[in-house]
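Written out below as structure tokens is the structure these notes cover.
We count ligands from 1, going down the list as the structure has it; atoms in each ligand are counted the same way.
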Amino acid sequence: MIVVMAPHATQEQIRDVERRIQEWGYGAHPIYGAERTVIGAVGVPEADKARYMESLEALPYVERVIAILRPYKFASREFHPDGTVVDVRGVPVGGREVVLMAGPCTVETYEQTYASAKACRAAGASILRGGAYKPSTSPYSFQGLGVEGLRILRDIADCFQMRVITEVMDVRNVDLVAQYADILQIGTRNMQNYDLLREVGRSRTPVLIKRGMWARIEEWLQAAEYVLLGGNPNVILCERGIRTFETYTRNTLDLSAVPAVKELSHLPVIVDPSQGTGKRSLVTAMARAAVAAGADGLLVEVHPHPEEALKDGAQSLTCSQFEQLVAEIRPIVAAVGRTLHAPDAG
Ligand code: PEP
Ligand code: MN
């Protein structure tokens, strides 16, 4: 880390900062500039950095302290230069193949989920999505079917040789959801729920972390760091749009996050163009763009009758629209030198 001294700092004060750094057991290397002095502190372990930075920043003659290494280590690209492939019971996410995860926003009934899964599987999706526990801005709107929803998802996914991705919202439900799901989804609203991140870090079930709608890429990677540090190496990231001043779309889908995450991290990154736009008419174009930008997969909402959906009907594709989406991304998948993962035969 680098300590930038205030312009008015005296020789005595510069010495004081050097002495503190040395007393902690690290090297202090001052550089005397015309305007101000900076002191490089070397050898400070990552785990201690935040504490020391805070204590130095509290000194009136220190202007600021800058961390040099990134605030995440296990999530960084340097940690696994070749990239990570997360194995979702035989479906590889993060390799050469692009993986499709699709299904309803919410598990409403057996029949609705079955119809969506059947169409998604036929079009090429290997992973069935669907919410059994739904985060809702309003406490009056549908909260999901709970365990019954988990059973429906598992049962239908097994009929079609699909894997299941579903959201877990509560630390008390992690083990329960993991009994039914192949990927534990952490929703945008919970990206900074550190207890939940720690809890899924204890599991070995793959975890998909949605980007917080307010979160910087660095904060998102630090959320992943919680899970990795807990001992769960199976982390997938999902860009789902962030809040900006634009209101025409539900969120602003930040596709530059895809190559940015690839630069900074070894973790697979997928894109959710459904929450990302909030509008059915925009989903397919953004799915094409996501694949072109290097996404390792897509998470798409598909409903047999979107106009009857209990949640997110406006952004849900019909079954035939999803089939069309897959047809449209195929040439783009090939153009970026990849292949579409084919669902298990059966
Ligand atoms: C969802 O996938 O249906 C969902 C609620 O996602 P997000 O957490 O990104 O809003
Ligand atoms: Mn949704």
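- One hydrophobic cluster holds both Leu100 and Val302 under the rule that ILVMFWY side chains link at heavy-atom gaps under 4.5 Å.
- No close placement of the Tyr226 and Phe74 rings is indicated, their centers lying 6.0 Å or farther apart.
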Practice item. Dump the intermediate steps for side-chain contact (heavy atoms from CB on, under 4.5 Å) on Ile242 and Trp214, then the final yes or no. Key: CA-CA 6 Å; Ile242 50 175; Trp214 61 85; over 6 Å; no

Where does ligand 1 get N/O contacts under 3.5 Å from the protein, atom by atom?
residue, atom, partner, partner atom, Å
ligand 1, 2 (O), Arg129, NH1, 2.8
ligand 1, 2 (O), Arg129, NH2, 3.3
ligand 1, 2 (O), Gln185, NE2, 3.1
ligand 1, 2 (O), Lys210, NZ, 3.1
ligand 1, 2 (O), Gln275, NE2, 3.3
ligand 1, 3 (O), Arg129, NH2, 2.9
ligand 1, 3 (O), Lys134, NZ, 2.9
ligand 1, 3 (O), Gln275, NE2, 3.4
ligand 1, 3 (O), Glu301, OE2, 3.2
ligand 1, 6 (O), Lys210, NZ, 2.8
ligand 1, 8 (O), Thr188, N, 2.8
ligand 1, 9 (O), Lys210, NZ, 2.7
ligand 1, 9 (O), Arg240, NE, 2.7
ligand 1, 10 (O), Arg189, NH1, 3.4
ligand 1, 10 (O), Arg240, NH2, 2.9

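- When you scan the N, O or S atoms of Glu301 for the one nearest the Mn ion (ligand 2), you land on OE2.
- Residues Tyr61 and His8 share a closest heavy-atom pair of CA-CE1, 4.2 Å.
- Closest N/O/S atom of Asp312 to the Mn ion (ligand 2): OD2.
- Criterion: ILVMFWY side-chain heavy atoms under 4.5 Å apart, direct or through other members. Under it, Tyr133 and Val164 are not part of a common hydrophobic cluster.
- Other residues, nucleotides and ligands contribute only 12 or fewer heavy atoms inside 6.0 Å of the CD atom of Glu54.
- Under the side-chain contact (heavy atoms from CB on, under 4.5 Å) rule, Leu208 has a single partner from Thr166, Ile270, Val200, Val93, which is Ile270.
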